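Step one of this worksheet: look at the structure below.
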Amino acid sequence: MNELTRQLREAARDLLSAGKVDMVLGWEKGSQPFLTPPAFITKAEQADKLCYDDFAIHNLAGYLLDYRDTEYKIALCVKGCDSRSIIQLLNDKQLVRDRLYIIGMPCQGKRDRSFGLLKKCRTCQYPTPLVYDLMLADSSSRQFSGEEAEDSYSDITAFSHQSPDDRYQYWLEKASACVRCFACQRICASCNCRDCIFESERTGWAGRYATPENNLSYFVTRAMHVAGRCTECGECERICPAGLPLMQLNRAVMQAIEENCGKYQAGLAADAISPLCCVPGQRSEKSAVREGEE
Amino acid sequence: METAESWQPVIVCFICSNASYSPADLAIQQHAENRAAFRFVRVECGRMDPLFVLRAFQKGADGVVVAGCAPGECGGSSGDYAANRRHFVMQKLLNFLGLEAERFQIIRQSHHQSDSIAEFLPRMADQLHSLGPNVKFREVM
């Protein structure tokens with residue numbers, strides 16, 4: 001058992017037995033050495049199940065959406081990349097900060113089942129959580145940081161140079177593998193509509209047949225709905241059973257935002273406004289009007 | 001039976017009633033009636049959802065236009081700024097997925113200058129004539 005796991009268990013036990021939180025969201029060791037799935041700990045004596053290692057890939061922020069209408073106080077473990085999702089959720093007014101207790105976990109980069117460093121970790125810019133109430137640290141606290149990518153959108157630009165028909169064929173082929181399991185939508189912390197248009201009873205807008213064309217329009221709609229709010233955690237791509245390159249779409253959107261509205265990354269600063277929702281400088285004016293009305 | 005010569009592109013125009021609707025209507029009657037089948041939908045540009053555009057392409061549009069007001073002339077207070085950005089991102093994304101740039105276009109129509117959309121719509125019809133019918137994103141039943 002590593003130092004961080006020991007500290008995590010201790011913190012969870014303290015929080016639960018003192019009644020400060022109703023649940024601790026963390027990771028536990030799975031059935032395989034390379035599996036560390038999420039764990040939902042509600043009793044102090046279960047705290048010994050918790051585990052934190054190189055395979056704790058899951059972004060736990062998305063699970064908070066299941067509890068947004070409850071009165072639960074939840075302690076949650078976050079890595080650097082997950083903390084951006086938390087900030088974005090708070091900015092979207094989906095969570096109440098008082099009902100969260102954030103345990104920051106240092107991260108040395110996560111590994112997939114072949115024990116190689118994950119793609120997103122290779123260019124990681126935020127290994128340390130940006131928001132936390134308690135930060136755990138092990139003795140060997142070496143600073144991890146990904147290589148600085150020169151042009152982070154080089155793959156998107158390269159793809160855009162292909163002919164439109166080739167691009168469409170490529171995506172149609174990819175979309176034909178989609179089975180519409182909606183795993184990407186369920187796992188995403190930014191996908192937080194209460195009633196998803198693709199799952200709702202209303203018909204006529206979103207085609208229900210899982211044809212490649214309909215799947216493609218699902219991709220576009222989802223990418224546009226999380227535009228300006230995607231924090232690049234890469235969970236959609238990781239969870240996709242068909243192995244679709246969904247982050248390419250999100251990154252194409254980000255590139256377009258950067259091109260049109262200047263540099264913007266979601267989930268970095270509290271109270272930041274997405275450039276697609278509001279124009280900077282406008283907010284103060286509007287909120288002043290609203291306050292005047294009240 | 002539709003022949004190649006008689007084929008006309010179907011252009012769905014999402015047009016804001018504040019500035020663009022009447023000049024666009026007039027322009028089509030005067031210049032572009034025979035060049036394309038225009039379908040007008042009166043909707044404010046801030047209300048535009050990505051699904052509107054996709055649905056138009058799925059149901060048979062060859063081109064889609066979103067016409068809003070020129071910056072600063074929005075009939076609402078400021079929705080057009082953010083809407084303009086969203087349309088731009090949508091345009092880029094559809095382009096990334098392989099839709100030709102000519103098929104989804106945005107125009108900002110000024111109150112003071114009624115001729116810009118009048119030139120724009122016939123020009124787009126010509127562009128779509130040279131591109132031919134759209135098959136991308138078409139719903140296959």
Side-chain angles (χ1 to χ4, degrees), chain A residues 156-157 159-160 162-172 174-175 197-198 204-207 209 211-214 216-225 227-228 248-262 264 273-283 285-286 289, chain B residues 41 43 45-61 63-64 66 71-72 74 76-104 106 108 127-128 130-141:
Chain A
I156 305 294
T157 318
F159 183 77
S160 305
Q162 294 180 25
S163 79
D165 291 336
D166 287 351
R167 292 203 295 266
Y168 186 72
Q169 278 311 317
Y170 170 83
W171 280 108
L172 205 60
K174 293 284 177 196
I197 183 90
F198 284 92
W205 283 114
Y209 300 98
T211 59
E213 289 83 5
N214 276 350
L216 213 50
S217 88
Y218 167 66
F219 293 169
V220 177
T221 311
R222 213 188 84 80
M224 280 306 294
H225 281 190
Q248 273 191 33
L249 294 176
N250 291 332
R251 282 158 46 71
V253 166
M254 276 172 218
Q255 192 194 25
I257 293 176
E258 208 156 285
E259 196 179 309
N260 192 31
C261 323
Y264 176 79
I273 324 158
S274 158
L276 298 187
C277 297
C278 207
V279 175
Q282 213 180 331
R283 183 193 166 89
E285 225 173 86
K286 280 213 162 174
V289 171
Chain B
V41 184
V43 60
C45 66
R47 175 65 185 88
M48 281 299 296
D49 192 280
L51 270 172
F52 293 1
V53 179
L54 284 169
R55 209 60 182 153
F57 282 122
Q58 281 182 347
K59 292 289 181 189
V64 172
V66 178
C74 181
S77 63
S78 54
D80 61 329
Y81 285 109
N84 196 10
R85 289 174 168 185
R86 284 202 295 273
H87 300 155
F88 177 83
V89 171
M90 177 79 182
Q91 201 177 24
K92 284 278 170 189
L93 181 63
L94 287 179
N95 196 239
F96 182 75
L97 285 163
L99 194 81
E100 292 88 356
E102 291 86 358
R103 293 206 190 271
F104 176 48
I106 304 161
R108 323 300 298 177
Q127 286 170 343
L128 292 185
S130 53
L131 272 177
N134 178 37
V135 288
K136 291 169 184 172
F137 294 98
R138 184 64 44 90
E139 200 169 57
V140 186
M141 295 297 284

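This is a predicted model, so every value here is computed, not measured. Letters go in sequence order (proteins before strands), and every chain restarts at 1.
For the set Ile197(A), Val253(A), Asp166(A), Leu172(A), the count of heavy-atom pairs under 4.5 angstrom toward chain B peaks at Val253(A). With chain A as partner, the option from Gln91(B), Arg86(B), Glu100(B) having the largest number of non-hydrogen pairs under 4.5 angstrom is Arg86(B).
Remark: Lys136(B) NZ is packed, more than 12 non-hydrogen atoms of other residues, nucleotides or ligands lying under 6.0 Å away.
Both the backbone and the side chain of Ile156(A) have a heavy atom closer than 4.5 Å to some heavy atom of chain B. Proximity to chain B (any heavy atom under 4.5 Å) is shown, for Thr221(A), by both the backbone and the side chain. There is no contact between Gln162(A) and chain B, counting heavy-atom distances below 4.5 Å. Within the 4.5 angstrom heavy-atom criterion, only side-chain atoms of Asp49(B), from C-beta onward, approach chain A.
The distance from atom CE of Met254(A) to atom CG of Leu93(B), rounded to the nearest 0.5 Å, is 11.5 Å.
In this structure, Asn84(B) and Asn260(A) have side chains that are not in contact, with every pair of non-hydrogen atoms separated by 4.5 Å or more.
Taking the six-membered ring where the residue is Trp, Phe159(A) and Trp171(A) present perpendicular rings, their angle passing 60° and hence far from 30°.
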Checklist entry - Do Met90(B) and Leu54(B) pass the side-chain contact (heavy atoms from CB on, under 4.5 Å) test, and can you show the C-alpha distance, the side-chain angles, and the key distance before you say yes or no? => result CA-CA 10 Å; Met90(B) 177 79 182; Leu54(B) 284 169; 4.2 Å; yes

